[in-house]
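Remarks on the structure that follows.
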2 protein chains.
Amino acid sequence: MDAAPDDDVCVKWSETLRVYHTTSCELESELQARHALGLSEFEVLLILSKCCGDGEGKAKMKDIEAEMYLSQSALSRTVTRLEKAGLVTRAVCDFDRRANFLMLTPSGRERFKAAQPTHREVLVKHLS
Amino acid sequence: MDAAPDDDVCVKWSETLRVYHTTSCELESELQARHALGLSEFEVLLILSKCCGDGEGKAKMKDIEAEMYLSQSALSRTVTRLEKAGLVTRAVCDFDRRANFLMLTPSGRERFKAAQPTHREVLVKHLS
DNA sequence: TGACATCCAATGCACGCGCATGTAAATTCG
DNA sequence: CGAATTTACATGCGCGTGCATTGGATGTCA
């Protein structure tokens, strides 16, 4: 698998850096400019919206954390921002009152639907 | 080129996210733990050391900036940290006194040589 | 049941980043 | 030449992040 040795991984890494930075940078600015969403915030909405079909959109914080590359504290604050913006609501889990459920509000679902094309558009532009 | 459409880019993107985050995260912590270097700092040393053969290691700030995914201000502060650590020296360019040269100190070259295997090791682990 | 370990989420804190601005040097052009 | 523009770098500022800690709920085991 690794016939050609060390330099290969360096090239691969610098290519990964290039793709990651250019793409995430444009995602960030386009989502912010067109939909007032940070990338982390969008990603939370994305998980919520696909995690639970159409009607609902519930998920536990821990489950979301597991699907994102974001620390527990950062996720907590991201959710706080989303909550303040009225896009998401926290609800305590009845069976385990340590845990929180997260739910999309109608406004949150709307915002996400509006933003998703922008997201796709940028991805297609950089990864096609 | 793009026979299978939208979902493809999403998969590709999430794969890029995974590789980028796991790799850069481990690079950061290994370089910090073993060599007291942040990833940005290492990357500056890397550019300096390959930019100019063995004996010297000079480069203009602007040229370094162009090779990194880092803002001008972030680079400026990164270099300040490297300078404080004694790994790098700033020198004013005689022909354009706005510009700075950057030079590896012997200590800087040493630190870089010590750190490079760690860097390679992590890359190989994640990208092979 | 009671003491201890574990788990979830929030928060204090420090840090690195990008944006906007400031300062000084160089370049352009009337 | 002299004023306006542009370029290089540093710095003030706000923000999002990770680490460490805290507080509260749950689980475990004797």
Side-chain angles (χ1 to χ4, degrees), chain A residues 17 20-33 36-45 47-48 58-85 88-103, chain B residues 17 20-33 36-45 58-85 88-103:
Chain A
L17 283 178
Y20 172 78
H21 276 107
T22 55
T23 307
S24 70
C25 204
E26 189 166 328
L27 275 175
E28 194 81 52
S29 63
E30 289 300 301
L31 287 172
Q32 193 58 254
L37 284 174
L39 182 49
S40 304
E41 287 146 31
F42 176 85
E43 284 169 348
V44 170
L45 297 185
I47 290 174
L48 274 176
K58 270 187 187 179
K60 288 195 195 145
M61 293 282 281
K62 276 293 154 189
D63 298 338
I64 298 176
E65 189 186 333
E67 291 193 42
M68 297 186 59
Y69 303 97
L70 206 52
S71 69
Q72 180 268 320
S73 66
L75 175 60
S76 175
R77 289 181 227 260
T78 301
V79 168
T80 300
R81 290 192 298 273
L82 287 168
E83 200 178 22
K84 277 181 185 163
V88 138
T89 51
R90 286 187 226 247
V92 189
C93 171
D94 289 334
F95 285 27
D96 182 349
R97 287 202 303 243
R98 294 168 302 184
N100 279 354
F101 275 121
L102 227 59
M103 297 179 45
Chain B
L17 283 178
Y20 173 78
H21 275 106
T22 56
T23 307
S24 69
C25 203
E26 188 165 328
L27 276 175
E28 193 81 51
S29 62
E30 290 299 301
L31 287 172
Q32 192 59 253
L37 284 174
L39 182 49
S40 304
E41 287 145 33
F42 176 84
E43 282 169 349
V44 170
L45 296 186
K58 270 188 186 179
K60 286 195 196 147
M61 293 282 281
K62 276 294 155 191
D63 298 337
I64 298 177
E65 189 186 335
E67 292 193 42
M68 296 186 61
Y69 302 97
L70 207 51
S71 69
Q72 180 268 319
S73 66
L75 174 60
S76 175
R77 289 181 226 261
T78 301
V79 168
T80 300
R81 289 192 298 274
L82 286 169
E83 200 178 22
K84 277 181 185 164
V88 140
T89 51
R90 287 187 225 247
V92 189
C93 171
D94 290 335
F95 286 28
D96 182 348
R97 286 202 304 243
R98 294 168 302 182
N100 280 352
F101 277 121
L102 227 58
M103 298 178 45

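It should be emphasised that the depicted structure is a prediction, and the values quoted were computed from it without experimental measurement. Order of the sequence lines fixes the chain letters, A, B, ..., with proteins taken first and strands second; residue numbering starts at 1 for each chain.
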So, taking the atom named CG in A:Leu31 and the one named CG in A:Leu45, what distance separates them when rounded to the nearest 0.5 Å?
10.0 Å
Base versus backbone protein contacts along nucleotides 4-10 of chain C [heavy-atom cut-off under 4.0 Å; B, S, -]
---BSBB
Closest-nucleotide ordering on DNA chain D, the 5'-leading residue of A:Leu70 and A:Arg97:
A:Leu70
Extract, from 5' to 3' on DNA chain D, the first and final nucleotides lying under 4.0 angstrom from some heavy atom of chain B.
D:dT7 to D:dC13
Give me the atom names and distance for the closest heavy-atom approach of A:Asn100 to A:Val92.
OD1-CA, 4.2 Å
Nearest 0.5 Å please: distance from the CG atom of A:Leu48 over to the CD atom of A:Glu43.
12.5 Å
Whole angstroms only, please: what is the CD-P distance between B:Glu28 and C:dA14?
19 Å
One would report the end-axis bend of the helix from C:dT1-D:dA30 to C:dG30-D:dC1, five pairs per end and rounded to 10 degrees, as 20°
In Å and rounded to the nearest 0.5 Å, what is the OG to CG distance from A:Ser76 to A:Leu70?
10.5 Å
Going by the angle between their ring planes, with limits at 30° and 60°, are B:His21 and A:Tyr20 parallel, tilted or perpendicular?
perpendicular
Excluding sequence neighbours, so at least two apart, what forms side-chain hydrogen bond (donor to acceptor under 3.5 Å, both in side chains) with B:Arg98?
B:Asp96
Once ring pair (Phe, Tyr, Trp, His ring centres under 6.0 Å) is applied, do any residues pair with A:Phe101, and if so which ones, sequence neighbours excluded?
none
Can you tell me which residue pairs pass the salt bridge (charged side-chain N to carboxylate O under 4.0 Å, His left out) test with a partner in residues 61-74 of chain A, sequence neighbours excluded?
A:Lys62-A:Glu65
Decide whether A:Arg81 and A:Thr78 meet the rule of one side-chain donor and one side-chain acceptor closer than 3.5 Å.
yes
Does CZ belonging to B:Arg97 count more than 12 external heavy atoms closer than 6.0 Å?
no
